[in-house]
2 protein chains.
Amino acid sequence: MAKRPETHDLNAILKAASDPTRRDILTLLAQEGPLKVGDIHARFDISLNAVSKHIKVLERAGLVRRRCEWREHLIDVQLVPLAEVDRWFRDLRSIWEMRLDALDRVITEGKRDDRTDDAS
Amino acid sequence: MAKRPETHDLNAILKAASDPTRRDILTLLAQEGPLKVGDIHARFDISLNAVSKHIKVLERAGLVRRRCEWREHLIDVQLVPLAEVDRWFRDLRSIWEMRLDALDRVITEGKRDDRTDDAS
DNA sequence: CTTTCATTCATCCAAAAGGTTGACTGACGG
DNA sequence: CCGTCAGTCAACCTTTTGGATGAATGAAAG
């Protein structure tokens with residue numbers, strides 16, 4: 001009954017995006033295209049294993065895709081799931097606006113009531 | 001030399017937003033308007049202190065604002081900093097598109113070079 | 001066969017994060 | 001004067017997280 005099976009978990013996405021190193025990895029991939037794990041490692045001051053783990057986190061969040069050609073793993077950025085974040089933002093704002101609208105309506109009706117009261 | 005002094009740290013914003021309880025607090029505030037810390041606490045199954053800490057995190061990220069009227073602290077959601085997240089997303093996508101454009105240009109020039117070579 | 005290579009797996013460690021409980025603050029109503 | 005009340009501060013505990021390091025994998029090259 002899930003809306004879209006491929007929809008990635010907002011929580012995983014935000015958690016993945018909340019680490020600066022991982023954001024840097026995404027940026028690197030965006031500007032250089034698919035890279036091997038080792039190539040990514042070459043750009044950072046952390047161990048290869050740390051990079052590997054970050055990539056796994058990004059992968060679980062759907063922000064990155066892996067194409068294995070035996071021992072070479074090509075990692076590619078995948079921006080689609082970030083739309084989920086955008087959606088959350090939009091939903092929040094819409095909830096906020098709905099409240100303001102309701103408030104506005106109450107005020108307006110209040111004024112009409114006042115007028116009605118005056119007329120009666 | 002910061003671009004905008006009021007610009008909140010993207011890292012703080014994403015870290016704050018990456019916790020589900022905090023997102024719930026933001027949603028609650030969006031739909032109910034400014035609330036006291038205790039009122040927020042009443043809606044969750046965690047201690048008042050835990051709520052207090054979450055609010056502090058949100059506050060540091062600029063996602064919430066506090067108006068103290070002596071011992072009653074009114075907490076209000078502040079959506080503006082979320083635009084920073086949006087901006088990050090947009091920047092990332094633009095970097096990605098720039099790479100594709102460059103790639104496209106290379107291919108086109110490659111074809112022109114081929115033709116030139118054939119002509120010479 | 002043995003070495004090489006790119007990567008993951010398995011541990012381990014320190015620091016951060018989320019939570020709890022208890023003490024503190026300080027105007028206000030008795 | 002004294003307790004109440006909303007909220008923070010301080011200490012502590014446990015789980016998660018980011019990182020390091022070393023072993024394992026297993027085709028391919030020699």
Side-chain angles (χ1 to χ4, degrees), chain A residues 8-29 32-78, chain B residues 8-29 32-78 81 85:
Chain A
H8 279 283
D9 183 20
L10 175 66
N11 206 30
I13 296 169
L14 281 174
K15 274 227 157 62
S18 73
D19 180 86
T21 304
R22 283 194 289 264
R23 285 199 303 277
D24 286 347
I25 292 179
L26 290 181
T27 303
L28 179 65
L29 288 171
E32 310 234 338
L35 289 179
K36 296 188 288 174
V37 179
D39 292 341
I40 298 172
H41 164 236
R43 310 302 198 88
F44 293 89
D45 261 4
I46 58 180
S47 74
L48 176 66
N49 282 20
V51 173
S52 177
K53 278 212 265 183
H54 278 311
I55 290 174
K56 236 183 307 177
V57 173
L58 290 169
E59 199 180 10
R60 273 197 293 266
L63 290 172
V64 123
R65 267 179 1 196
R66 183 192 307 254
R67 182 165 43 108
C68 298
E69 204 146 331
W70 203 69
R71 70 184 167 181
E72 296 196 349
H73 298 203
L74 263 226
I75 310 299
D76 198 2
V77 70
Q78 174 76 61
Chain B
H8 279 281
D9 185 20
L10 175 65
N11 205 31
I13 296 170
L14 281 174
K15 275 230 156 63
S18 73
D19 180 88
T21 304
R22 282 192 291 262
R23 285 199 303 277
D24 286 348
I25 291 178
L26 290 182
T27 304
L28 179 65
L29 288 172
E32 311 233 338
L35 288 179
K36 294 187 291 173
V37 178
D39 293 341
I40 297 172
H41 165 236
R43 311 301 197 86
F44 293 89
D45 261 4
I46 58 181
S47 73
L48 176 66
N49 281 17
V51 172
S52 177
K53 279 212 265 181
H54 278 311
I55 290 176
K56 236 182 310 176
V57 173
L58 290 169
E59 200 181 9
R60 273 197 293 265
L63 290 171
V64 122
R65 266 180 1 195
R66 182 192 307 254
R67 181 165 44 109
C68 298
E69 203 146 331
W70 205 93
R71 69 181 170 184
E72 297 196 350
H73 297 204
L74 263 228
I75 310 299
D76 198 2
V77 70
Q78 174 75 64
V85 177

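First the proteins, then the strands, lettered A, B, ... as listed; each starts at 1. Hydrogens, waters and symmetry mates are skipped; everything else that's a heavy atom, side chains included, is used.
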Next item on the list: Mind calculating the distance between CD1 (I55(A)) and P (dG18(D)) to the nearest angstrom?
Entry: 14 Å
Item checked: N/O (side chain, R71(B)) to phosphate O (OP1/OP2, dC28(C)) under 4.0 Å -> no
Check: Closest to the R22(B) side chain: dT8(D), dG18(C), dA20(D)?
Finding: dG18(C)
Item checked: Whole-Å distance separating the CZ atom of R60(A) from the P atom of dT8(C) -> 12 Å
Checklist line | E72(A) and V37(A), any side-chain heavy atoms less than 4.5 Å apart | finding: no
Check: According to a strict under-4.0 Å criterion, is H73(B) in side-chain N/O contact with OP1 or OP2 of dT8(D)?
Finding: yes
Notebook entry, point to check: Can a salt bridge be assigned to the pair R43(B) and E32(B) using a cut-off of 4.0 Å between side-chain N and carboxylate O?
Noted result: yes
Notebook entry, point to check: Roughly, in whole Å, what's the span from CZ in F44(B) to C1' in dG18(C)?
Noted result: 14 Å
Margin query: Heavy-atom count check: over 12 atoms from other residues, nucleotides or ligands less than 6.0 Å from R66(B) CZ?
Written below: yes
Notebook entry, point to check: Would you say the side chain of Q78(A) lies within less than 4.5 Å of the side chain of V64(A), judging by non-hydrogen atoms?
Noted result: no
Note to self: Check the phosphate of dG19(C) against H54(B), side-chain N and O only, distance under 4.0 Å to OP1 or OP2. Yes or no?
What the structure shows: yes
Next item on the list: Could you work out which one of dG26(C), dG7(D), dA10(C) sits closest to the side chain of L48(B)?
Entry: dG7(D)
Next item on the list: Looking at every strand, decide which applies to K53(A) at a 4.0 Å heavy-atom threshold: base, sugar-phosphate, or nothing.
Entry: base
Notebook entry, point to check: K36(A) has an atom NZ; how far is it from atom C1' of dT7(C), in whole Å?
Noted result: 11 Å
Check: Once you round it to whole Å, what is the distance between P of dT20(C) and CD1 of I46(B)?
Finding: 6 Å
Next item on the list: State which of dG19(C), dG26(C), dG7(D) makes the closest approach to the side chain of W70(B).
Entry: dG26(C)
Notebook entry, point to check: So which nucleotide from dG22(C), dA17(C), dG22(D) ends up closest to the side chain of K15(B)?
Noted result: dA17(C)
Next item on the list: Kindly say if S47(A) contacts the phosphate of dG19(D), meaning a side-chain N or O under 4.0 Å from OP1 or OP2.
Entry: no
Notebook entry, point to check: Which atom pair, heavy atoms only, marks the closest approach of H41(A) to I46(A)?
Noted result: CD2-O, 3.0 Å
Check: Rounded to the nearest Å, what distance is computed from the CD atom of residue E72(A) to the C1' atom of nucleotide dG26(D)?
Finding: 14 Å
Notebook entry, point to check: If you round to the nearest 0.5 Å, how far is CZ of R67(A) from CZ of R65(A)?
Noted result: 9.5 Å
Checklist line | Out of dT7(C), dC9(D), dT8(C), whichever nucleotide has its closest atom nearest the side chain of K56(B) | finding: dC9(D)
Next item on the list: Nearest-nucleotide wise, let me know which of T21(B) and V37(A) is further upstream toward the 5' end of DNA chain C.
Entry: V37(A)
Next item on the list: Would you kindly give the CD-to-C1' distance between E69(B) and dG26(C), to the nearest whole Å?
Entry: 16 Å
Next item on the list: Consider the side chain of A50(B), meaning its heavy atoms from C-beta on, and name the nucleotide among dG7(D), dT20(C), dG22(C) that approaches it most closely.
Entry: dT20(C)
Next item on the list: May I have the distance from L58(B) (atom CG) to dG7(D) (atom C1'), rounded to whole angstrom?
Entry: 16 Å
Next item on the list: Would you state whether a donor and an acceptor, one from the side chain of N49(B) and one from the base of dT21(C), lie under 3.5 Å apart?
Entry: yes
Check: Using a cut-off of 4.0 Å on non-hydrogen atoms, how would the nucleic acid contact of D19(B) be classed: base, sugar-phosphate, or nothing?
Finding: sugar-phosphate
Margin query: With a 4.0 Å limit, can you tell me whether S52(B) has a side-chain N or O closer than that to the phosphate oxygens OP1/OP2 of dT8(D)?
Written below: yes
